[in-house]
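Report on the following structure.
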Amino acid sequence: MGDERARARGERTRRTPRPRRSGTGTPRRRAREPQLTRVPRARGVVAATTGFLGLSSTRRAAALALVVCALALTVAVPLRNYVAQRQELAAVSEQQQMLAVEVARLDQERARLSDPAEIEAQARSRLGYVMPGEVPYVVQLPVAPGADPAGAANAGVPWYRVLWREVAEGPQ
């Protein structure tokens, strides 16, 4: 019963060998075979040369290199994405600042053009408009010697008048 409990617990039980009896009554001695002896020092020497986890220093170095390469590859792609996104963010921020300056300039121009006096001045200078009852005068300056007479004649004239004059004169 004790043996059964020990087997249930996973323990090994020792049995004492029973002597065998031969038919003659004299016990026979069996010749013993020599057994190999275990040397605990040999195991210690092997453990000292193999190092951590039973691996040699070359294999440990190879395993360490493999782990370092795996970590580098794991970190490389996200790091590259992070750097690219930071560069893109910097470019977009710079573009946003340039657009903010442009918006401020256009707001100033809109405020300037919303003034009726500015609109009137632009109509007089660019389009040649006059108020009712005013007499327009066109002053032509004399042509400087050696200057292009066609360029000097068209200097103060609006583009549409120059175009109309060229169309009216026809091909030369």
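Residue indices begin at 1 and follow the sequence shown. Since the structure is predicted, the reported quantities are computational estimates derived from the model, not experimental observations.
Glu134 places a side-chain N or O within donor-acceptor distance of the main-chain N or O of Met131, the cut-off being under 3.5 Å. With Tyr160 contributing its side chain and Leu127 its backbone, the two residues share a donor-acceptor pair below 3.5 Å.
Residue Val135 shares its hydrophobic cluster (ILVMFWY side chains chained together at separations under 4.5 Å) with Tyr137. Alongside Leu64, the hydrophobic cluster contains Val68 (criterion: ILVMFWY side chains under 4.5 Å).
A pairwise comparison of heavy atoms in Ala70 and Thr74 identifies O-OG1, 2.6 Å as the closest pair.
With sequence neighbours excluded, the residues satisfying side chain to side chain contact (heavy atoms under 4.5 Å, CB included) with Leu163 are Trp159, Val167.
Sequence neighbours left out, not one pair with a member in residues 80-93 passes salt bridge (charged side-chain N to carboxylate O under 4.0 Å, His left out). Within the structure, salt bridge (charged side-chain N to carboxylate O under 4.0 Å, His left out) contacts touching residues 111-123 (residues at least two apart or in different chains) are Arg112-Glu118, Glu120-Arg124.
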Donor-acceptor pairs under 3.5 Å, side chain of residues 90-105 to any protein atom, not counting sequence neighbours: which ones?
unit_1: Ser93; atom_1: OG; unit_2: Leu89; atom_2: O; d: 2.9
unit_1: Glu102; atom_1: OE2; unit_2: Arg105; atom_2: NH2; d: 2.6
unit_1: Arg105; atom_1: NH1; unit_2: Glu109; atom_2: OE1; d: 3.4

Can Gln122 and Ile119 be said to form a side chain to side chain contact (heavy atoms under 4.5 Å, CB included), step by step? CA-CA 5 Å; Gln122 289 290 326; Ile119 293 173; 5.8 Å; no
